[in-house]
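So that the names make sense, note that chain A is the first sequence line, chain B the second, and so on, each numbered from 1.
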There are 2 protein chains.
Amino acid sequence: MNKKQNNIKSIKYRQIIETGTKLFIRHGIKRITVEEICEEAGVSKMTFYKFFANKLELVKQIVTGMMDEGFKFVDNIMAQDIPYEEKVRQNIKHKIEGIRKYGDLFFEEFLRIPELQPYIAEMNSNAVKKIIEIFNTGKAEGAIREDITPEFYQYLLGHLSIMGNDDNLKKVFPDMGHRIETLIDVLFHGVFKTPSN
Amino acid sequence: MNKKQNNIKSIKYRQIIETGTKLFIRHGIKRITVEEICEEAGVSKMTFYKFFANKLELVKQIVTGMMDEGFKFVDNIMAQDIPYEEKVRQNIKHKIEGIRKYGDLFFEEFLRIPELQPYIAEMNSNAVKKIIEIFNTGKAEGAIREDITPEFYQYLLGHLSIMGNDDNLKKVFPDMGHRIETLIDVLFHGVFKTPSN
DNA sequence: CTATAATTAAACAAAATAAGTATAATTTTA
DNA sequence: TAAAATTATACTTATTTTGTTTAATTATAG
């Protein structure tokens with residue numbers, strides 16, 4: 001009746017997650033085999049299959065972990081006593097840094113896996129909910145212009161992300177921090193109620 | 001009787017070589033499939049197998065091409081009218097740059113492929129021959145100290161290569177050019193007959 | 001110390017992927 | 001426009017990967 005397996009976040013589990021993440025980032029998902037992850041993580045195949053039904057379940061849990069971390073970060077920022085605009089800026093920068101850190105290879109392959117489409121849709125929905133939540137906070141605080149709709153806000157955020165990772169823009173602003181700041185300044189100039197408008 | 005296939009270095013052939021090299025450098029040899037190379041190179045599988053019996057034959061031809069290019073470079077340098085010591089310096093720098101450019105992944109995997117061991121041994125033997133040839137030129141020109149043996153010369157070169165790619169040394173001398181210059185200065189100080197000795 | 005849970009190692013069948021070939025059709029090129 | 005080069009497709013065979021089963025080993029809590 002001793003239930004040690006309740007150490008759900010056991011050391012082996014974390015080793016698999018970390019190694020999987022590392023290998024997926026470097027080589028993409030399809031190139032990496034379960035056995036490879038096990039060897040690199042110093043874990044037997046049986047242990048892997050104890051925690052994950054298959055490779056795609058591992059992928060899901062990695063992404064879920066990333067999302068959770070992201071939500072936690074957002075919540076921390078939103079609880080701070082700083083201007084709303086500053087909160088949004090920090091959130092955006094954190095998100096884009098995350099995308100950069102994990103690289104395109106992993107995300108782009110992840111998004112195209114047919115079996116994962118329902119999961120991806122749900123993650124997306126969660127993300128949108130969070131964005132709307134932030135948006136509503138801004139509205140409530142009177143920090144966002146009245147005529148900006150949530151849809152347009154989302155649209156701006158999406159394009160900010162695309163532009164922030166654009167290779168041409170990287171040539172113009174090589175430093176990521178500066179690039180993102182500039183993009184926020186330009187794209188969100190008319191969104192926030194600052195002294196200037 | 002028209003023999004177009006005598007375009008041995010045809011455009012398709014070069015595309016396969018280039019794409020294969022690129023993919024092997026990024027992901028190593030074992031992870032890359034023949035079909036993947038074909039797709040990326042815009043070439044059908046049949047064309048691939050016209051030029052190469054299999055993936056390892058492609059690997060061989062890539063390495064042979066690299067070696068040939070290296071030998072050509074050495075011959076050019078040696079034909080120039082510059083001090084012997086300067087020739088050796090340029091050759092060493094070129095070789096180490098080559099190793100860096102192709103990265104560890106490709107070379108390390110390449111060197112461990114069992115089926116390629118005879119080929120590797122031959123390439124090695126050719127390389128050693130070339131080194132000895134250069135050494136003998138130096139001896140003939142009186143540019144190398146009398147008591148330096150070819151074996152010791154080779155030993156020094158080998159360790160120069162190892163040290164030039166050492167991560168710890170990279171922290172001390174981040175710039176590769178400076179690092180190699182310094183190593184040559186120190187390790188070969190007693191090899192060349194310079195005004196100072 | 002000892003029972004129990006956790007992990008491993010090895011062997012294995014089934015599934016999936018990759019290799020390599022044969023054929024006919026299409027495209028290039030001279 | 002005819003020969004050569006290339007492709008597309010379909011296919012068989014080989015190899016790799018998956019996921020499971022089993023028994024043995026290791027770690028741990030009481």
Side-chain angles (χ1 to χ4, degrees), chain A residues 1-20 22-24 26-62 105 109-110 112-117, chain B residues 1-24 26-62 105-106 109-110 112-116 119:
Chain A
M1 222 69 68
N2 292 357
K3 30 187 161 159
K4 274 229 283 289
Q5 84 276 53
N6 259 5
N7 286 335
I8 277 186
K9 304 298 167 205
S10 77
I11 196 164
K12 299 275 175 189
Y13 176 91
R14 268 178 289 116
Q15 276 169 333
I16 296 170
I17 291 276
E18 276 164 31
T19 309
K22 191 185 79 183
L23 292 175
F24 291 152
R26 184 163 309 153
H27 295 294
I29 297 165
K30 66 174 186 299
R31 283 186 218 280
I32 300 299
T33 69
V34 170
E35 280 196 326
E36 214 173 338
I37 295 167
C38 293
E39 276 170 39
E40 183 86 7
V43 154
S44 80
K45 223 186 346 172
M46 286 312 299
T47 304
F48 179 95
Y49 282 109
K50 198 186 101 190
F51 289 121
F52 310 95
N54 50 48
K55 192 168 74 177
L56 291 187
E57 280 304 316
L58 169 60
V59 171
K60 277 195 205 173
Q61 298 205 30
I62 287 171
L105 210 68
E109 207 186 326
F110 163 73
R112 285 173 205 285
I113 295 171
E115 299 92 321
L116 256 40
Q117 292 311 313
Chain B
M1 222 70 70
N2 292 358
K3 30 190 161 155
K4 274 230 281 296
Q5 82 278 52
N6 259 5
N7 287 335
I8 278 188
K9 304 298 166 204
S10 78
I11 196 164
K12 298 277 172 187
Y13 176 90
R14 267 179 289 118
Q15 276 168 332
I16 296 171
I17 292 276
E18 276 165 30
T19 309
T21 306
K22 191 184 79 185
L23 293 175
F24 291 152
R26 183 163 308 153
H27 295 293
I29 297 165
K30 67 174 185 297
R31 283 186 217 280
I32 299 299
T33 70
V34 169
E35 279 195 327
E36 215 172 338
I37 295 168
C38 293
E39 275 169 41
E40 183 86 7
V43 154
S44 80
K45 224 185 346 173
M46 287 310 300
T47 304
F48 179 96
Y49 283 108
K50 198 186 102 188
F51 287 122
F52 310 96
N54 51 48
K55 192 167 74 176
L56 290 188
E57 279 305 317
L58 169 59
V59 171
K60 276 194 206 174
Q61 297 205 30
I62 288 171
L105 210 68
F106 177 61
E109 207 186 325
F110 163 73
R112 286 176 205 285
I113 295 171
E115 298 94 320
L116 258 39
Y119 169 80

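- Scanning for side-chain contact (heavy atoms from CB on, under 4.5 Å) contacts around A/Ile113 gives A/Ile29, A/Leu56, A/Glu115, A/Leu116, with sequence neighbours left out.
- Under the rule for a salt bridge (charged side-chain N to carboxylate O under 4.0 Å, His left out), the partners of B/Lys60 that lie at least two apart in sequence or sit in another chain are B/Glu57.
- The CZ atom of B/Arg14 sits 16 Å away from the C1' atom of D/dT6 (whole-angstrom rounding).
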Show the atom names and distances, to 0.1 Å, of all donor-acceptor pairs under 3.5 Å that link a side chain in residues 38-47 of chain A to residues at least two apart or in another chain.
residue: A/Glu40; atom: OE2; partner: A/Lys22; partner atom: NZ; Å: 2.9
residue: A/Ser44; atom: OG; partner: A/Met46; partner atom: N; Å: 3.4
residue: A/Ser44; atom: OG; partner: A/Thr47; partner atom: N; Å: 3.4
residue: A/Ser44; atom: OG; partner: A/Thr47; partner atom: OG1; Å: 3.3
residue: A/Lys45; atom: NZ; partner: A/Glu35; partner atom: OE2; Å: 3.4

Nucleotide by nucleotide, nucleotides 9-24 of chain D touches protein heavy atoms under 4.0 Å in the pattern (B base, S sugar-phosphate only, - none) --------SBBBB---
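- Between B/Lys50 and D/dA5, a side-chain N or O to OP1/OP2 separation shorter than 4.0 Å is absent.
- Qualifying salt bridge (charged side-chain N to carboxylate O under 4.0 Å, His left out) partners for B/Glu36, counting only residues two or more places apart in sequence or in other chains: A/Arg31.
- A/Ile16 places a side-chain heavy atom less than 4.5 Å from the side chain of A/Ile37.
- Over its full length, the helix from C/dC1-D/dG30 to C/dA30-D/dT1 turns its helical axis through 50°, comparing axes from the five pairs at each end and rounding to 10°.
- Between the NZ atom of B/Lys12 and the P atom of C/dT27 there is a distance of 13 Å, given to the nearest Å.
- A/Thr47 has a side-chain polar atom (N or O) that falls below the 4.0 Å cut-off from OP1 or OP2 of C/dT8.
- Nearest heavy-atom pair, A/Ile17 versus A/Ile62, reported as atom, atom and distance to 0.1 Å: O-CD1, 4.0 Å.
- In terms of heavy atoms, B/His27 sits closest to A/His27 at ND1-ND1, 3.1 Å.
- Put simply, CD on B/Glu39 is 18 Å from P on D/dT6, counting in whole angstrom units.
- One interatomic measurement links the two molecules: CD1 of B/Ile37 to P of D/dT7, which rounds to 15 Å at whole-angstrom precision.
- Nucleotide C/dT17 holds its C1' atom 17 Å from the NZ atom of B/Lys30, rounded to whole Å.
- Residues that satisfy the ring pair (Phe, Tyr, Trp, His ring centres under 6.0 Å) test with A/Phe52, not counting sequence neighbours, are A/Tyr13, A/Phe48.
- In this structure, the CD atom of B/Glu115 is 13 Å from the P atom of C/dA19, given to the nearest Å.
- Atom CZ of A/Phe24 sits about 12.0 Å away from atom NZ of A/Lys30, to the nearest 0.5 Å.
- Atom CD in A/Gln15 sits about 10 Å away from atom P in C/dT7, given to the nearest Å.
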